[in-house]
Amino acid sequence: MRAHITEMVHQALGYLKRDGELPSDLDPVLTVEHTRDPAHGDYACNIAMVLARPLKRKPRELAELIVRRLPESRRVARVEVAGPGFLNFHASPHHLRMVVREILDEGQRFGQQPVGSRPPVLLEYVSANPTGPLHVGHGRGAAYGASLASLLEAAGHPVQREYYVNDFGRQMDILAVSVWLRYLELCGETVRFPDNGYRGEYIIEIARAVRARHGDDMRHGRVAVEEDLPADGEHGGDQEQHIDALIDRARQLLGEQGYQACFAAALDIMVEDIRTDLAEFGVEFDRWFSERQLTESGRIEAALKRLDSAGWLYRKDGALWFKATELGDDKDRVVVRENGRSTYFASDLAYLLDKLDRCSGTSLYIFGADHHGYVPRLKAAARGLGEDPDRLDFQLVQFAVLYRGGEKVQMSTRSGQFITLRELREEVGNDAARYFYVMRSHEQHLDFDLDLAKSRANENPVYYIQYAHARIHSVFRQLEERGLRHNQAIGEAALGLLESEHEQSLLRELARYPELIESAADARAPHRIAHYLHSLAAQFHAYYNASVFLVDDDDLRNARLNLVGAVGQVLANGLTLIGVGAPEKM
RNA sequence: GCCCCGGUAGCUCAGCUGGAUAGAGCGGCCGCCUCCUAAGCGGCAGGUCGCAGGUUCGAAUCCUGCCCGGGGCACCA
């Protein structure tokens, strides 16, 4: 509809230019938007105000001129000049009738553009290190990413969903050693656990699984394990040196094969845990991209070679550096360490290149807010690799803080004192968790009120929306119980009977859903869907309380059922986008 | 010091990429079930859009400076 009105205005301008009433070289930027106040019609256009200055004419006068030349449209009932010079367009009853018909005919596809009508997007999200279970912070990234993926798809972008698995590097070694030490404990050895190790209960469970698979094969005595290790932090030594030495010791005692078996077991179990956790949360991926494979396939070398031949690498202090500063970053970055191992950033380079090769459109990153420093770095990387940095899009998800009983729930990762995503889901349920995570703008800190999320009362927005959907289904059940059937054709013919304020505002609200999908997708803002649904539900509840739908009059009843059915459909479609269920009964 | 996000009603937040008289939920107060689910509805109260300049027909929205809160600035991952 917005496009339709824009076209109408352009036509009018064309006539005026042809007739010499406006200069022919005119090419103004005009906007058509939804009005907030129904008194201003359904859509407003600012063209007259935009033209007023360059033409040195009064906006209202220009507005009158344009209105007179607007082409006829069945979807527009009338156009008025209002306020400082707005063109206010009133949608025709025909237009609103068409919207209801479209909703009922298209069903769950209503609001969606054909996939492929917009450029593809490769969306990477969550990508938490598989060194422990997901916590509530990851949950927000997961809910946001999954909702955004659905939203982009609905707007017509082909979407590839990816999880980048950091299955390589020192953190994973620390995980493997932590598991091994717990395993030794299970075998009956008394070994000291390093300050820097992963302490969570889950490590013991992984160790148990390793023991079930490998028996006592990996058992070594305490002396062999701890002999001659540098002191740990607790004993006045260096934590990092201590744990590195411990990793080396594990490699020696277990042999490379044995060590890899332990490492692989820990990794498999962790990744599988994350995968099922997310799947239960309705968050799925098309691909789990392994960092290790990136290394082994030589793509890091390839990316570095490309940077080098473009002259962006240099050697200093024994390390290989990327001249990021010259490409917009605030400092140069090491890509190969003094010890010859490539850095995490080198993997990022290779992955970036791989993504851009596989997706002709945009590579969209969802980061936690603490990763914002990566943005200039990766843009510099794209430039250095000879790629267009505008093909990268970064969305930063701010932190979520849990509140229980009005008190902030304290969490710290190190000590293993954190609430996992799984615990959160069990406490408040998947629907509430998904909704609460996306109901706020992702770039806004989130106060997650556990008590509110658990509440089964009207104050909980999730139930409020779901209740509206359930009520609608209940109406249709009642209809059948009374031995009646809904006749859509009769309803459509009688849609003109829906003249009450509630009915009109519901029709207007439904009509803007497809445009909401578009603008929310462009703004990467699924929270707008959440707000829209709440508003639609509110209007429905008001309507429900004000009118009886199942009246004796066939025309009126069917017309109302068309409207109510359409509301139910749009509620279900929107809830699906943000991963929340649309129950038919509550 | 530099960078990112935020500051809008008592609280939590929207504000559709610059529009018309700034909105919702919660909390507070007053009402509404012989009727399709009261997990609902109606009403009242509540505002210096952090502060100061600037840009323009028009600013909560864009620019600059300052104040406050959160986060980040590794040859860690």
Side-chain angles (χ1 to χ4, degrees), chain A residues 31 33-37 39-40 44 46 48-50 52-53 58-59 82-86 88 129 131 166 168-172 174 240 291 316-321 330-331 333-339 341-345 347 368-376 396-399 401 403 406 439-447 449 452 455-464 466-468 470-479 481-482 512 515-516 518-520 522-523 525 527-528 530-532 534-535 537-538 540-551 564 585-586:
Chain A
T31 62
E33 57 190 10
H34 278 100
T35 56
R36 283 186 194 149
D37 186 343
H40 299 142
N46 66 348
M49 277 112 75
V50 174
R53 189 177 176 77
K58 290 179 183 155
F86 286 105
N88 287 343
N129 283 348
T131 51
N166 297 119
F168 189 72
R170 189 157 166 275
Q171 291 304 316
M172 282 306 301
I174 296 177
E240 309 300 335
E291 181 189 1
K316 192 183 91 181
D317 303 333
L320 193 59
W321 295 71
D330 36 357
K331 52 189 76 165
R333 307 290 171 179
V334 171
V335 288
V336 180
R337 297 186 190 101
E338 203 175 345
N339 65 14
R341 296 185 63 177
S342 62
T343 59
Y344 184 82
F345 178 59
S347 302
D370 54 337
H371 280 57
H372 88 264
Y374 283 49
V375 175
L396 302 173
V397 179
Q398 297 293 322
F399 290 154
V401 180
Y403 284 81
M439 73 178 174
R440 301 295 179 224
S441 161
H442 64 284
E443 47 193 31
Q444 184 89 12
H445 292 244
L446 173 69
D447 287 336
D449 185 336
L452 183 62
S455 156
R456 304 226 143 214
N458 54 1
E459 60 192 12
N460 188 334
V462 190
Y463 289 106
Y464 183 83
Q466 291 183 321
Y467 184 46
R471 266 184 156 176
I472 289 167
H473 279 266
S474 169
V475 169
F476 282 92
R477 280 195 297 273
Q478 272 291 320
L479 181 75
E481 276 172 31
R482 295 185 193 182
R512 74 185 191 99
E515 286 156 16
L516 172 79
E518 265 185 65
S519 63
D522 288 344
H527 74 279
R528 287 191 198 163
H531 281 272
Y532 171 84
H534 195 270
S535 150
F540 170 74
H541 284 309
Y543 181 37
Y544 182 94
N545 270 60
S547 330
V548 176
F549 308 147
L550 301 181
V551 291
V564 165
K585 255 185 204 173
M586 286 174 77

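All values derive from a computational prediction rather than experimental measurement.
- Scored by the side-chain hydrogen bond (donor to acceptor under 3.5 Å, both in side chains) test, Thr343(A) finds no partners at all (sequence neighbours excluded).
- Residues passing the ring-ring contact (aromatic ring centres under 6.0 Å, His included) test with His371(A) are Phe367(A), Tyr374(A), sequence neighbours excluded.
- Shown here are the salt bridge (Lys or Arg N to Asp or Glu O under 4.0 Å) partners of Arg170(A), two or more places apart in sequence or in another chain: Glu240(A), Asp244(A).
- The base of rA20(B) is paired with the side chain of Asn88(A) by a donor and an acceptor separated by under 3.5 Å.
- Under the side-chain contact (heavy atoms from CB on, under 4.5 Å) criterion, Lys585(A) pairs with Arg477(A), not counting sequence neighbours.
- Listed by chain and number, the residues in a ring-ring contact (aromatic ring centres under 6.0 Å, His included) with Tyr543(A) are Phe549(A) (sequence neighbours excluded).
- Judged as a ring-ring contact (aromatic ring centres under 6.0 Å, His included), and not counting sequence neighbours, His40(A) has no contacts.
- The OH atom of Tyr464(A) sits 13 Å away from the P atom of rA39(B) (whole-angstrom rounding).
- Legend: residues meeting salt bridge (Lys or Arg N to Asp or Glu O under 4.0 Å) with Asp447(A), ordered by chain and number and at least two apart, are absent.
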Distances under 3.5 Å only, N/O to N/O: pair up the protein atoms with those of nucleotides 27-35 of chain B.
unit_1, atom_1, unit_2, atom_2, d
rG27(B), OP1, Glu459(A), OE1, 3.4

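- Among the atoms of the strands shown, base atoms are found under 4.0 Å from some heavy atom of Ala470(A).
- With sequence neighbours excluded, the residues satisfying salt bridge (Lys or Arg N to Asp or Glu O under 4.0 Å) with Arg333(A) are Asp329(A), Asp330(A).
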Could you encode protein contacts along nucleotides 7-13 of chain B as a string, one character per nucleotide from 5' to 3', using B for base contact, S for sugar-phosphate-only contact and - for no contact, with a heavy-atom cut-off of under 4.0 Å? -----BS
Under a cut-off of 3.5 Å for both distances of each Watson-Crick or G-U pair, what dot-bracket string does RNA chain B give, using [ ] for crossing pairs and | for inter-strand pairs? (((((((..((((.....[...)))).(((((.......))))).....(((((..]....))))))))))))....
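- In this view, Glu515(A) satisfies the salt bridge (Lys or Arg N to Asp or Glu O under 4.0 Å) rule with no residue, not counting sequence neighbours.
- The phosphate of rC36(B) has neither OP1 nor OP2 within less than 4.0 Å of any side-chain N or O from Arg471(A).
- Rounded to an integer number of Å, the gap from Glu443(A) CD to rC5(B) P is 7 Å.
- For rC76(B), one of the phosphate oxygens OP1 or OP2 lies less than 4.0 angstrom from a side-chain nitrogen or oxygen of Arg337(A).
- As judged by a 4.0 angstrom heavy-atom cut-off over every strand, Tyr544(A) is placed among the base-contacting residues.
- Both tests do not hold together for Arg471(A) against Phe540(A): distance to the six-membered ring centre under 6.0 Å, angle to the ring axis within 45°.
- Summarising the geometry, the separation between NE2 on His372(A) and P on rC73(B) is reported as 8 Å, rounded to the nearest angstrom.
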